[in-house]
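One structure is given here, and the rest of the page talks about it.
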Amino acid sequence: MDTLDTKSKANTKHGTDHVGGKFTISLVSRDLQLLELCREAVGRLRLERNDIALLDPDQAQSVGADLLVWDIDKPNWRPRPRTVAANQEQLFLVSRKDLTEFLTRMPFGAGSTLLKPLNSRTLQIFVEQVVARKRARVSASTDSAASDVLQCLLMSN
């Protein structure tokens with residue numbers, strides 16, 4: 001497993017936010033060039049901290065990450081049961097020639113699909129959207145917790 005740990009400070013003067021804590025990506029692939037592409041795309045984002053892990057497709061069973069990127073490199077690929085957390089997002093990278101067969105085998109709503117070959121800008125835009133959704137979930141859960149505390153205080157008063 002190859003892991004990249006990048007720490008960078010967000011530029012708050014220019015209004016750039018960052019996700020609190022850590023943002024993790026698990027790339028399930030054997031393609032080292034795809035790993036470099038992920039590093040390049042994520043490196044342009046101003047995240048407080050991010051980790052990219054390269055995992056062997058035959059050994060990845062239950063993966064803990066904010067984003068799972070599956071490099072579908074064989075047309076006969078079949079989804080295997082894996083544990084995916086509720087807030088985990090999945091991205092499947094598929095070649096154009098294998099797209100129709102892949103989509104007929106995948107359960108509806110299992111994740112997003114991008115066509116290969118992939119460029120770093122497309123991947124960057126997708127990761128930005130995932131980060132924004134994570135930020136919204138974190139914000140919503142924080143607001144909900146504050147509302148619950150306020151409700152308890154009001155009831156006890």
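In this text the structure is predicted, and so the values were computed from the model without any measurement. Hydrogens, waters and symmetry mates play no part in the numbers below; they use all other heavy atoms, side chains included.
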Looking at side-chain heavy atoms only, is the closest gap between Phe23 and Leu45 below 4.5 Å? no

For the pair Gln88 (side chain) and Ala65 (backbone), establish whether a donor and an acceptor sit closer than 3.5 Å, ignoring hydrogens and angles. yes

Evaluate the side-chain proximity of Asp56 to Arg30: yes if any heavy-atom separation is below 4.5 Å, no if none is. yes

How many angstroms lie between atom OG1 of Thr24 and atom NZ of Lys134, to the nearest 0.5 angstrom? 6.5 Å

Can you classify the ring geometry of Phe92 versus Phe102 as parallel (below 30°), tilted (30 to 60°) or perpendicular (above 60°)? tilted

Kindly give the heavy-atom pair with the smallest separation between Cys38 and Leu27, and that separation in Å. SG-CD2, 4.1 Å

CG of Leu34 to CZ of Arg39, rounded to nearest 0.5 Å, is 11.5 Å

Do Lys116 and Asp71 meet the salt-bridge criterion of a basic N to acidic O distance under 4.0 Å? yes

If you round to the nearest 0.5 Å, how far is CD1 of Ile25 from CG of Asp51? 9.5 Å

Closest contact, heavy atoms only, Glu40 versus Ser120: OE2-OG, 2.9 Å

How many angstroms lie between CG in Leu37 and CG in Leu32, if you round to the nearest 0.5 Å? 12.5 Å

Rounded to the nearest 0.5 Å, how far apart are CG of Leu114 and CH2 of Trp70? 15.5 Å

Nearest 0.5 Å, please: how far is CD1 in Ile52 from CG in Leu54? 10.0 Å

